[in-house]
Undergrad: 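Below: one structure in structure tokens.
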There are 2 protein chains.
Amino acid sequence: MKLSPLSQSLVLHFGEMGSRWGLNRTLGQMYAVIVLTESPLNADQISEALQISRSNVSMGLKELKSWNLIKLQHIPGDRKEYFTAPEDVWEIAKTLLVERRKRELDPTLTSLRDALLQEPSSSEDEYAQQRIREMHDLMEMISSWSGELENMSSGKLATLLTLGSGLSKILEAKDRLLKK
Amino acid sequence: MKLSPLSQSLVLHFGEMGSRWGLNRTLGQMYAVIVLTESPLNADQISEALQISRSNVSMGLKELKSWNLIKLQHIPGDRKEYFTAPEDVWEIAKTLLVERRKRELDPTLTSLRDALLQEPSSSEDEYAQQRIREMHDLMEMISSWSGELENMSSGKLATLLTLGSGLSKILEAKDRLLKK
DNA sequence: CTGAATTTTCAGTAATTTCTGAAAATTATA
DNA sequence: TATAATTTTCAGAAATTACTGAAAATTCAG
């Protein structure tokens with residue numbers, strides 16, 4: 001499978017961004033190819049399109065599965081496994097949110113909680129625990145809020161995101177609103 | 001400067017998380033020490049606390065400055081430069097949001113826009129552009145929404161985050177609410 | 001200015017991460 | 001159940017990233 005110049009350039013860009021997104025270059029490239037191609041792809045096609053080894057593709061697919069970013073499909077009469085991305089980009093975004101929360105927030109929340117259970121052994125420790133408490137409360141809020149978003153329908157998410165500056169106004173009015 | 005067991009264990013944790021947060025181990029550790037210590041720290045103290053070379057600290061501080069995560073202070077009678085983290089963890093969170101948007105979203109938005117300007121040269125390209133359009137619109141929304149958050153006061157942000165399941169209710173009522 | 005204190009830079013090295021090919025494991029058809 | 005197709009694993013190699021010490025640059029008190 002050969003990529004068109006259009007896809008090629010985006011695939012390269014996703015590769016460069018991959019590491020910034022908590023993936024890595026190959027994973028970024030692989031996902032770009034899968035997202036941009038309408039038909040389901042098998043490992044050999046990905047390997048050829050990106051000029052990387054079959055085994056590398058296998059490892060990459062394993063990782064993309066662990067991120068829940070790809071869907072496995074079977075094509076009648078073909079023993080190979082084929083993969084697609086979800087059709088709805090909102091779904092993809094929500095999945096990324098879930099997974100990044102799991103990887104970037106949850107372990108730290110645990111760690112902060114542990115630290116709060118320790119007995120402070122000096123005034124320095126007391127200060128540290130105070131900051132730990134603040135970080136913990138903040139991350140807890142972000143975490144539960146992100147859980148909230150994860151359970152919203154794409155439509156509702158879109159509504160929320162398009163509010164723009166309306167958001168502030170709504171917040172000002174929220175007490176009035178929630179009383180009912 | 002020697003770290004207490006309490007700080008030590010969190011510093012190690014932040015080090016491990018560093019790379020997942022788009023920093024790296026040393027940067028994560030450095031920031032943990034700075035956040036958890038009440039008094040401003042100079043490069044030598046950080047170097048000693050983390051057992052890393054002075055030059056490594058220098059590079060790390062440069063990077064933390066580029067992230068706007070630390071504040072430079074001068075102590076009367078001392079020529080060294082001292083650093084602290086913002087007192088308000090919400091400020092830190094907002095800064096992280098700004099910087100990650102700049103690094104993780106903005107370049108891709110540019111790239112997606114470029115791709116949309118290309119002339120599709122096949123039906124495959126047309127499909128690709130359709131997905132690119134969806135990704136672009138989504139990322140644009142997230143980007144401008146995050147800009148919205150960046151300009152909110154900590155208090156308002158806290159209100160928003162504590163809404164929890166109230167969020168959905170508010171969204172349902174928003175049309176009614178915004179008419180006024 | 002001068003020079004001591006401090007910070008920054010950077011080439012080389014060390015550590016980590018990613019990638020490959022070969023072999024092992026799994027799967028599914030006949 | 002045997003075997004051919006396919007996927008996965010993994011040890012070593014390659015590539016990338018991070019770290020160090022020495023030297024250069026900067027800063028500032030006298």
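Residue numbering restarts at 1 for every chain, and letters A, B, ... go by the order of the sequence lines.
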Undergrad: Minimum heavy-atom separation for A:Gly147 and A:Arg101, please, with both atom names.
TA: N-NE, 4.3 Å

Undergrad: Rounded to whole Å, how long is the line connecting atom CZ of B:Arg54 with atom P of D:dA23?
TA: 17 Å

Undergrad: Could you tell me if B:Arg103 sits above the aromatic ring of B:Trp67, with its cationic atom closer than 6.0 Å to the ring centre and no more than 45 degrees from the axis?
TA: yes

Undergrad: Please give, in whole Å, the distance from C:dT20 C1' to A:Gln51 CD?
TA: 15 Å

Undergrad: Let me know the distance between CG of B:Leu27 and P of D:dT17, rounded to the nearest Å.
TA: 15 Å

Undergrad: For A:Arg79 and for B:Glu81, locate the closest nucleotide of DNA chain C by heavy-atom distance; then report the residue assigned to the nucleotide nearer the 5' terminus.
TA: B:Glu81

Undergrad: Rounded to the nearest Å, what distance is computed from the OH atom of residue A:Tyr82 to the C1' atom of nucleotide D:dT7?
TA: 14 Å

Undergrad: Round to the nearest Å and state the distance from B:Glu63 atom CD to C:dT9 atom P.
TA: 12 Å

Undergrad: May I have the step-by-step check of side-chain hydrogen bond (donor to acceptor under 3.5 Å, both in side chains) for A:Asn68 and A:Thr95, ending in yes or no?
TA: CA-CA 7 Å; A:Asn68 287 311; A:Thr95 303; over 6 Å; no

Undergrad: Determine, for A:Arg100 against B:Glu104, whether the closest basic-nitrogen to carboxylate-oxygen distance falls under 4.0 angstrom.
TA: yes

Undergrad: When we call it a touch if two heavy atoms are under 4.0 Å apart, what does A:Ile52 touch: a base, just sugar-phosphate, or nothing?
TA: sugar-phosphate

Undergrad: Of the non-hydrogen atoms in B:Leu12 and B:Gln29, which two are nearest, and what is the gap between them?
TA: CD2-NE2, 4.0 Å

Undergrad: If you assign A:Ser55 and A:Arg25 each to the DNA chain D nucleotide with the nearest heavy atom, which residue ends up on the more 5' nucleotide?
TA: A:Ser55

Undergrad: CG of A:Leu72 versus C1' of D:dT8: gap in Å, rounded?
TA: 15 Å

Undergrad: From C:dT7, D:dT6, C:dT18, pick the nucleotide closest to the side chain of A:Thr26?
TA: C:dT18

Undergrad: Expressed in angstrom and rounded to an integer, what is the separation of A:Met59 atom CE from D:dA11 atom C1'?
TA: 12 Å

Undergrad: Taking for each residue the nucleotide of DNA chain D bearing the nearest heavy atom, is the 5' side occupied by A:Lys62 or by A:Asp78?
TA: A:Asp78

Undergrad: Just call it for A:Asn56: base, sugar-phosphate, or nothing, with non-hydrogen atoms closer than 4.0 Å on any strand.
TA: base

Undergrad: When you measure from the side chain of A:Lys80, which nucleotide among C:dT20, D:dT7, C:dT8 comes out closest?
TA: D:dT7

Undergrad: Nearest whole angstrom, please: distance from the P of D:dA29 to the NE2 of B:His74.
TA: 10 Å

